Amino acid sequence: MLMSLWKRLVGAALVAGAIAMAPPASAQTLRVVMHSDLKILDPIWTTAYIVRNHGYLVWDTLFAMDEKFEVKPQMVDKWDVSADKLTYTFTLRDGLEWHDGTPVTAEDCVASIKRWGAKDSMGQKLMGTTKELKVVDAKTFQLVLKEPYGLVLQSLGKPSSNVPFMMPKRVAETDPNTQIKPTDVIGSGPFIFKADEWKPGEKVVYVKNAKYKPRSEPPSGLAGGKVVKLDRVEWVWIADVQTQVNALISGEIDMIESPGHDLLPILAAEKSINLFNWNPTGNQFTMRFNTLHKPFDNPKIRTAALVALSQEPFLQAVVGDKQWYKVCKAMFICGTPLETTAGMDGMLNGDAAKAQQLLKEAGYDGTPIVLMQSTDLQVLTNLAPVAKVQLEKAGFKVDMQSMDWQTLVARRSKKDPPNAGGWHAFLTSWVAADILNPVMAGFLNASCDKAMFGWPCDEQLEKLRDQFSRESDPVKQKAIAEAVQKRWVEYPTHAHLGQWYQPLARRSHVEGNLVGAVPVFWNVTKK
């Protein structure tokens, strides 16, 4: 114990020394420790939230979701839809300019929508009903549908991963399964990425885009005026959560995006620190199955896993304090319009005996489950060990393999057999705004090769998701959501493991953080 304390004190001293040796910061430089280091720069190639957060600084969106989950125009000045509901016409607002000084054009937007639509779950559904995307003039383009589609604006204003960020045409023409280059991180957003100062494992730097023209409306969530009040934002990477807190209390950094829950009482007691819950709708822990390989290619074995798992041990292992978590069997988030427990009887109750029976009936042959564990994100690290214990009690053999989050993100994209560098399962978390309905929820995409990593393939789920996308009646939408959840029990794509909440910690001289689905840095200032 003394040695552990000594290591932490030494670590804190080293971080303090590194920060002290950094160039002097202006009064409006914000130093933040984010939830992860940034090693990937392409927010279309990956759904990782650290890359999404990076995306919001650099790029902009056609539409955006405000704090009430309403979609508002962002880069778009005006739009209309034809009487037959088949043709949407969008006109960009004046003054949009890429960081390299060239104007944003309709061609850029068309190419960007196509790249996003090839990768994102919600984008794929939109593109599947799109007849044509065509340029009208330099600032105007049209989206022509094959049939009426109820989620056009909700898709283009999707708040979280993957976000339909607009990129220059030459960048947007990059294959969606290939990462863009660091030199291609050119947006039209409120901040400029400093590629020359990016040091993975140490620091990421963004500076104010002086040419950015914000909307006139007040900011709300991700919508409204993105008024930048900082000259510079630095993401400083400190892996150890205790060292992060020491640096915040001493004033060496200004903010921690995701402080450890066990350290929140210490931060709450500090007069120089305040906690801010920017995402009151919360998050949802999940375990993702890889349906390509034995044994999880058998949906009955995946259902047995649902029976074996229980939510509260996961929530206790990571969060601990009931103030910051909620047991919730509703796939589409408790407290939202599509909350339902339909089909959930007997699921997620930690019933090891029942799971053993189901495994026997399904013919499980003892194939070890390669369970990937993220070790460097405090909010994920303890999840895999809990899953291992629960699955082993039910009769699964589990091979838990530990790695940092960025390695896991890269590995989960591989379709190789688990014994040759692939995987069977891993655990992660979704922000609530990503999973409010069956089309938005990426892990429910069961379109085979077009689905997200895990690649589920189920015609019934896809038909239900299509029905939801075409329905505008809230009562009928709720009925479809219930049908989706019931089908999911028969064909599980993932397991949802409870709702949780994460405040950020900031020094008292920092203010202006917005409530919304993503932590952003416009409107933030230092007094």
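Values in this document were obtained by computation on a predicted structure and should not be read as measured data.
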Checking ring pair (Phe, Tyr, Trp, His ring centres under 6.0 Å) against Tyr206, which of Trp522, Trp235, Phe521 comes through?
-> Trp235
Contact summary for Asp416 and Gly421, nearest pair of heavy atoms = CB-C, 4.5 Å
NZ/Lys181 to OG1/Thr174 distance, rounded to the nearest 0.5 angstrom?
-> 8.0 Å
Any luck finding a side-chain donor-acceptor pair between Gln390 and Ser310 under 3.5 Å?
-> no
Side-chain (Asn162) to main-chain (Pro43) donor-acceptor, under 3.5 angstrom = yes
Counting distance only, does the side-chain N/O of Gln154 pair as donor-acceptor with the main-chain N or O of Val71 below 3.5 Å?
-> no
Which heavy atom in Val475 sits nearest to a heavy atom in Asp473, and how many Å separate them?
-> N-OD1, 2.9 Å
Between the side chains of Lys414 and Asn290, does any donor sit under 3.5 Å from an acceptor?
-> no
Work out which heavy atom in Ala355 is nearest to a heavy atom in Val307; give both atom names and the distance.
-> N-CG1, 3.8 Å
Would you call Asp449 and Lys415 a salt bridge, taking side-chain N to carboxylate O under 4.0 Å as the test?
-> yes
Anything under 30° is parallel, anything over 60° is perpendicular, the rest tilted; go ahead and classify Trp500 against Phe285.
-> parallel
Would you mind reporting whether Met400 and Glu392 have side-chain heavy atoms less than 4.5 Å apart?
-> no
Distance from Lys158 atom NZ to Leu151 atom CG, nearest 0.5 Å?
-> 12.0 Å
Just wondering, do Leu436 and Leu338 contact through their side chains at under 4.5 Å, heavy atoms?
-> no
Check: Asn349 and Lys354 side chains under 4.5 Å, non-hydrogen atoms = no
Hey, is the main chain of Gly335 close enough, under 3.5 Å, to the side chain of Glu339 for a donor-acceptor pair?
-> yes
If you measure only the distance, is there a donor-acceptor pair under 3.5 Å linking the side chains of Ser447 and Glu462?
-> no
Evaluate the ring planes of Phe193 and His54, with Trp represented by its six-membered ring, and classify them as parallel (under 30°), tilted (30 to 60°) or perpendicular (over 60°).
-> perpendicular
Closest heavy-atom pair, Ala384 versus Met372, reported as atoms and distance to 0.1 Å, is CB-O, 4.2 Å
Which pairs pass disulfide bond (SG atoms under 2.5 Å apart) with one or both residues in residues 400-488, sequence neighbours excluded?
-> Cys448-Cys457
Candidate pair Tyr325 and Val318, rule side chain to side chain contact (heavy atoms under 4.5 Å, CB included), full reasoning = CA-CA 10 Å; Tyr325 77 75; Val318 177; over 6 Å; no
Look up atom OG1 in Thr130 and atom CD in Glu132, then write down how far apart they are to the nearest 0.5 Å.
-> 10.5 Å
Classify the side-chain pair Arg52/Ser160 by whether it contains a donor and acceptor separated by less than 3.5 Å.
-> yes
Decide side chain to side chain contact (heavy atoms under 4.5 Å, CB included) for Trp79 and Leu153; before the verdict, give the C-alpha distance in whole Å, the side-chain angles of both, and the deciding distance to 0.1 Å.
-> CA-CA 10 Å; Trp79 66 276; Leu153 299 188; 3.2 Å; yes
Carboxylate-amine/guanidinium contact Asp365 Lys294, below 4.0 Å | yes
Looking only at side chains, do Thr105 and Asp108 share a donor and an acceptor under 3.5 Å apart?
-> yes
Less than 4.5 Å apart, any side-chain heavy atom of Asp458 and any of Arg487?
-> yes
Side chain proximity check, Leu143 to Leu126, heavy atoms < 4.5 angstrom = yes
What do the steps show when you test Leu408 against Leu380 for side chain to side chain contact (heavy atoms under 4.5 Å, CB included), and what is the final call?
-> CA-CA 12 Å; Leu408 190 154; Leu380 299 181; over 6 Å; no
State, with a plain yes or no, whether a side-chain heavy atom of Met452 is found less than 4.5 Å away from one of Arg288.
-> yes
Value for CH2 (Trp455) from OG1 (Thr493), rounded to nearest 0.5 Å, stands at 14.0 Å
Using ring pair (Phe, Tyr, Trp, His ring centres under 6.0 Å) as the criterion, point out the one residue from Phe453, Phe443, Phe426 that pairs with His494.
-> Phe443
Please answer whether the main-chain N or O of Val489 pairs with a side-chain N or O of Thr303 as donor and acceptor at a distance below 3.5 Å.
-> yes
With distance as the sole test, does Ser82 use its side chain to make a donor-acceptor pair with the main-chain N or O of Thr87 at under 3.5 Å?
-> yes
If you round to the nearest 0.5 Å, how far is CD of Gln401 from CH2 of Trp423?
-> 13.0 Å
Pair Asp434, Tyr49: side-chain N/O donor-acceptor within cut-off below 3.5 Å = yes
Using atom types as modelled and distance alone, determine if a side-chain donor or acceptor of Gln485 lies under 3.5 Å from a backbone N or O of Ala342.
-> yes
In plain terms, say whether Lys463 and Glu459 are close enough for a salt bridge, that is, a side-chain N and a carboxylate O under 4.0 Å apart.
-> yes
Any side-chain heavy-atom pair of Trp59 and Ser112 under 4.5 Å | no
Heavy atoms of other groups near Lys139 NZ, more than 12 under 6.0 Å = yes
Does any non-hydrogen side-chain atom of Trp278 lie less than 4.5 Å from one of Leu514?
-> no
Salt bridge or not for Lys169 and Glu173, using N-O below 4.0 Å?
-> yes
Arg411 and Val370: which non-hydrogen atoms are nearest, and at how many Å?
-> NH2-CG1, 3.8 Å
Under the side chain to side chain donor-acceptor pair (under 3.5 Å) rule, what do Thr129 and Arg470 come out as? Steps first, then yes or no, please.
-> CA-CA 10 Å; Thr129 194; Arg470 298 184 181 97; 5.2 Å; no
Worked verdict on Ile40 versus Gln406 for side chain to side chain contact (heavy atoms under 4.5 Å, CB included) | CA-CA 8 Å; Ile40 297 169; Gln406 299 298 331; 3.7 Å; yes
Hey, does the side chain of Lys329 reach the backbone of Met347 with a donor-acceptor pair shorter than 3.5 angstrom?
-> yes
Look at the aromatic rings of Phe165 and Tyr56 and report parallel, tilted or perpendicular, splitting at 30° and 60°.
-> perpendicular
Which class fits the ring pair Phe63 and Phe90: parallel under 30°, tilted 30 to 60°, perpendicular over 60°?
-> perpendicular
Counting only heavy atoms not in Lys393, do more than 12 sit closer than 6.0 Å to its NZ atom?
-> no
Rounded distance [0.5 Å steps], CG in Leu427 versus CG in Leu309 | 8.5 Å
Under the 3.5 angstrom rule, does the side chain of Thr375 hit a backbone N or O of Met403 as a donor-acceptor pair?
-> yes
Would you mind checking if Lys119 and Asp42 are paired as a salt bridge, meaning a charged N to carboxylate O distance below 4.0 Å?
-> no
Gln502-Ser258 side chain donor-acceptor pair, cut-off 3.5 Å | yes
Side-chain (Gln499) to main-chain (Cys334) donor-acceptor, under 3.5 angstrom = yes
N/O donor-acceptor pair under 3.5 Å between Gln284 side chain and Trp430 backbone = no
Smallest heavy-atom separation, Ala106 atom then Phe141 atom, equals CB-CB, 4.0 Å
